[in-house]
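Residues: numbered from 1 along the sequence shown.
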Amino acid sequence: MEKYNVPAHSAELAADKSLETLYRITMSYDDSVIACWLENDEEKFMTFAEMGALADRCGAALYSRVSETSWVAIAVDTCPEWTGVFWGAIRSGHNVLLLDAAATDEQIQALLNEAGCRVLITKKKRNLAPEYRQLDFMTLVASPAVADFRPVWGEMVAMCTSGTTGRSRIFAYDGAALCEQALNSELVYNANHRLIEDDCHRFLAFLPFHHVLGFIANVIWGGFLGMTNIFLADRTPASIMNACRHFKPQLVVVVPLVGNNLVKGLNRNLKKQSAGKRFAFKLMSGLSLALQTVAPERGLQFAEKKLFRSVNESLLGTELKAMILGGSHAPAETLRTLNALGYYTISGFGMTETAITSFEMSMNLKKRLSGSVGKPLDSIDYRVVGQQDDAKVGEMQIRGKSIHSGRLSQGQLLPPDTDAEGWYPTGDVVRMENSGRIFIQGRLKDVIINESGENIYPDDLEDRFSNLSGVEEFSVLGLKRSKRDQNEDVALVMNVGTAYSDPEKLKKLTAEVAKINAKLPLYTQLNRVLVTDASLPVVNGIKVKRLALKEMLAEKQLNYRELDLHSIEVMQEIAAVRDDAGKTIVNDREIMNKVRA
């Protein structure tokens, strides 16, 4: 078995940044376990050597069967054999396009056409035009061994931007860029041994491998570092908890939605407990965070294994070293609760066009709870293109050796989507501290401009409303009062499920929203609150697509009711709400009424 040695492997990969070298290092872990999963509650395992044999069989099968195209697409959800089929496709001399298995046949065909790809590896038969060949995933897995197979290496991997529509853009990474992603691990190894140490970690494979974060973290980093991926039967809470009880993950990479749901579930259970138990939980949380302020490592360990052991055993276990959150904004309250439990959280930044570019690696509690996504990794540079006169707040642009190498359009490989100096405009508004730490404030296209001309960032507002009871999905966005009006109302849109037809529940929800709203700075307060019983449009199951939701509301494609935050009953509910200075907080409508008087 190859010894787990980040510096030596990094030196080897730096000397030859190719997919062949990356694969050789990955499979050098030999009889270590690369994959584990449950079948009928029985533990199953696959070693790196067995995965390499699977890659050989699939590579030989694809080499003999597919010769007419340079691209092969994989549309299969995360499973133990996925990595072997992926590397088999690369070793058969093909470039690989990663597609969402949940996409419709129409969406799959549109993306295949855009990429100029005519071969699809899938578990289910798709209704595609005759010119698209479909290869059965499990048939490839069962391919016989070929003694004299000599690999011919593919050079690129491509991924699609958020959403599964035909409008998605496709960005390709060459071998050198993917190797640079793997080489970033040496910085992490040197900076924080909690994340990467000399013992291999068990890694929960939660995100689908077509997703840039799941692919880079679990397949590229996980393989390079010799980690064991824990695979799920599905992504239901029961399956997650069952797998965690059996295999005790040490690393988890998820989207903030998962962390939010964990915290919401915990809060629901707390509400059912006695007042004494709720007080004890609050007291223990405060003690945990106080200990972490003084001694982060010991505080985390004490909270995870002692203070909240019984709680954590029913969540993600008591062996978790880190929970990495990426893909969207993580609410402050979610970070606070998870860290109080002893789960060391890390917020990071990345996108399909850039892959992983940074994450907060500090053990300092204040920095972890701040929402910082850290400083750029070794292969990356950040700059902020300032808005107005503030050079520290503006659009973040990224340049580096590990961002996309090109893009696929109408069957052609085009140059990267960067300016002449190599900078990629992310479309994200950020704030950069003097230390170089980055804080994401929202998307440029999502910024709300209200009557006072203030810029309002929806992600910041959503933090305040993240723990509303009975809300399945929600989004804060700007809604124009008319097509001619340039200013926008600040609106909260919520999918409330069955509560939509329950007047009492809506009344309680209105009061809950109004109380939170009254504590907000005046210029950021909500002007409108809409509720619906329909699902809101989401990106890859991760976050609500604000632009799509705006279109649905504008085109009257969403049935909704509007809650009145200023009714007499609601105003009576929030009359006693006070700010930290002890002054009664008044509502903007109240102020306008007084001005009119």
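- Side-chain atoms of Gln292 come within 3.5 Å of backbone N or O of Asn339 as a donor-acceptor pair.
- Residues Trp423 and Arg383 meet the side-chain proximity criterion, which asks for heavy atoms closer than 4.5 Å.
- Side-chain atoms of Asn260 and Thr334 form a donor-acceptor pair, as typed in the model, at a separation below 3.5 Å.
- Without hydrogens or angle criteria, His201 side chain to Phe203 main chain gives no donor-acceptor distance under 3.5 Å.
- A salt bridge links Lys305 to Glu319: one of the charged nitrogens lies within less than 4.0 Å of a carboxylate oxygen.
- Ion pair Asp417/Arg169 flagged as a salt bridge, since at least one NZ, NE, NH1 or NH2 atom sits closer than 4.0 Å to an Asp/Glu carboxylate oxygen.
- Within the 4.5 Å cutoff, no side-chain heavy atoms of Phe359 are placed close to those of Phe349.
- Among Lys367, Arg368, Arg437, the one residue that satisfies the salt bridge (Lys or Arg N to Asp or Glu O under 4.0 Å) test with Glu360 is Arg437.
- Taking the ring centre of Phe439 as origin, the terminal cationic atom of Arg431 falls inside the region bounded by 6.0 Å and 45° from the ring axis.
- Salt bridge absent: Lys508 and Glu512 never bring a charged side-chain N and a carboxylate O closer than 4.0 Å.
- At a threshold of 4.0 Å, the pair Glu297-Arg194 counts as salt-bridged, since one of the basic side-chain nitrogens sits closer than that to a carboxylate oxygen.
- Here the side chain of Glu562 pairs no donor or acceptor atom with the backbone of Leu530 at under 3.5 angstrom.
- Atom CD1 in Ile324 sits 10.5 Å away from atom OG1 in Thr345 (nearest 0.5 Å).
- The side-chain heavy atoms of Tyr343 and Leu300, taken from C-beta on, include no pair separated by under 4.5 Å.
- Tyr560 has its ring centre no less than 6.0 Å from the ring centre of Tyr500.
- Salt bridge status for Arg528 with Glu488: absent, with no side-chain N to carboxylate O gap under 4.0 Å.
- For Asp446 and Lys550, the salt-bridge test fails: no basic side-chain N is under 4.0 Å from an acidic carboxylate O.
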